[in-house]
There are 2 protein chains.
Amino acid sequence: MSVRNTREDVVAAASRLFAERGYHGTSMRALGRELGLLGSSLYAHVGGKQELLVEVVDRGARFFEEAAEAAGRADTAASRLEALIAGHIGVVLDHRSEVRTFLNEAAALDTGVRRRIIGARDRYESRFREVLAAGVATGEFRSDLDPKVGAIFILSILNAVDRWFHEGRPLIRRQLIASVMIFVGSGIGAPGRLAAIAPKAG
Amino acid sequence: MSVRNTREDVVAAASRLFAERGYHGTSMRALGRELGLLGSSLYAHVGGKQELLVEVVDRGARFFEEAAEAAGRADTAASRLEALIAGHIGVVLDHRSEVRTFLNEAAALDTGVRRRIIGARDRYESRFREVLAAGVATGEFRSDLDPKVGAIFILSILNAVDRWFHEGRPLIRRQLIASVMIFVGSGIGAPGRLAAIAPKAG
DNA sequence: CCTACCGATCGGTAGG
DNA sequence: CCTACCGATCGGTAGG
């Protein structure tokens, strides 16, 4: 039946438990149990608990970087943004555990690594910021919303997807992406009645 | 100098530590240190660690309920939504620790309480859902975005505010609310060029 | 990957 | 609110 575990298995199991119970809520013994071995046996595969967290979070960061790379360099800011959004959603849904740990457990990282991860996060966010700024410059996007703030709003929506979305209940992935695009592009206001929801003061 | 702590002090300190380090990352001894006393002395004030978590999370839930109540019953769906949004942001910024714990540490709650809190969360979310549905009915809001999904998108933005917003750097609260209203109401698309960001398929 | 173990820390209690 | 303590569990190591 069960054969020997690889380091890969250990990291995968760790990402699941870290995502579900948090870093501090996961013991090495519980992680061992998940793999059918003792907590102490894990040290044949990894240096320690923190090393596992670093590995999982690094994977999360890498997925996002690769997705941003793959999003490419389309003509319009709007289509570049759509590619970034679709890519982000793909990463969130295809690598839930790593992404969750990346998003929620960074505070449990040792200072040095934490700073590095925050840096990676900032660089990734700047991709969105730049696309928004470019779209303002071309006239595709409105100029009365700061690209920095807009990027944060969009990423807030995207990062929360993992908390509620379940494939096919009722939306499928393509519909989710379409909904995000409608919302990000035009908001909830009915076309021609945008004033109805405009703020009272700026 | 320092006088005796009240139960109130203990709960307040707990909400800070739970928010910063998480429930599992906070020990009763660390909590005692925060208040200048021993971990064992906390049991003169509270029944246990889990009781503290329940108390903090319940406060978070109550703040949101009260805000929803105070948001009132304005004429238009748009202004009701604006009141809900402003109220939510007020709660997030005025009760950061309780809100953070409410949002991030619910998984650490014992099953019964956790279910109750999830129920409260659902009821609160339904306020947003109902306003969106009402706005679709009156024609204020677009009909091609599911109110359920719209409510989740809006709350995703609002709940994330605590992660990045710092009063006056550079936005002040009123500007934050205005930015959210612009984004939620009209998205990032430039007026008259909405097609630029429309999704390719529905 | 297990056996056998380490010192440290955990939430919590009895009694004052 | 402290003293003194409990059993359980923690991350981790030595040696096989």
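Chain A is the first sequence line, chain B the second, and so forth, proteins listed ahead of strands; every chain is numbered from 1. Just so we're clear, the structure is a prediction, and the values are computed from it rather than from any experiment.
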For a 4.5 angstrom cut-off between non-hydrogen side-chain atoms, does Arg173(B) reach Asp94(B)? yes
For residues Val161(A) and Arg96(A), report the shortest heavy-atom separation together with the two atoms involved.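 The answer is O-NH2, 4.1 Å.
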Quick one: closest heavy-atom pair of Leu42(B) and Met28(B), and the distance? CD1-O, 3.1 Å
Asn159(B) CG to Asn159(A) CG distance, which is reported to the nearest 0.5 Å: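 It comes to 13.0 Å.
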What is the nucleic acid contact for Leu38(A), judged by heavy atoms within less than 4.0 Å: base, sugar-phosphate only, or nothing? base
Base, sugar-phosphate or nothing for Gly39(B)? Non-hydrogen atoms, less than 4.0 Å. nothing
For the side chain of [X], counting heavy atoms from C-beta on, which of [options] is nearest?
| X | options | result |
| --- | --- | --- |
| Arg29(B) | dC10(C), dG11(D), dC1(D) | dC10(C) |
| Ser27(A) | dG12(C), dC2(D), dG11(D) | dG11(D) |
| Ser41(B) | dC2(D), dG12(D), dC1(C) | dC2(D) |
| His45(A) | dC1(C), dC1(D), dG11(D) | dC1(C) |
| Ser40(B) | dC1(C), dG11(D), dG12(C) | dG12(C) |

Return the value, rounded to whole Å, for the distance between atom [atom1] of [X] and atom [atom2] of [N].
| X | N | atom1 | atom2 | value |
| --- | --- | --- | --- | --- |
| Lys49(B) | dA8(D) | NZ | C1' | 14 Å |
| Gln50(A) | dG11(D) | CD | P | 12 Å |
| Leu31(A) | dC10(D) | CG | C1' | 14 Å |
| Leu37(B) | dG11(C) | CG | C1' | 16 Å |
| Arg7(A) | dC1(C) | CZ | C1' | 17 Å |
| Leu42(B) | dC10(C) | CG | C1' | 14 Å |
| Leu53(A) | dG11(D) | CG | P | 13 Å |
| Leu17(A) | dC10(D) | CG | P | 12 Å |

Please name the nucleotide paired to dT13(D) by Watson-Crick or G-U wobble geometry with both distances under 3.5 Å, or report none. dA4(C)
Using modelled atom types and a 3.5 Å cut-off, is there a donor and acceptor pairing between side-chain atoms of Asn104(B) and backbone atoms of Arg100(B)?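 Judged by distance alone, yes, a pair lies under 3.5 Å.
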First of Leu35(B) and Tyr43(A) reached from the 5' end of DNA chain D, by closest nucleotide: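 Nearest-nucleotide comparison on DNA chain D picks Leu35(B).
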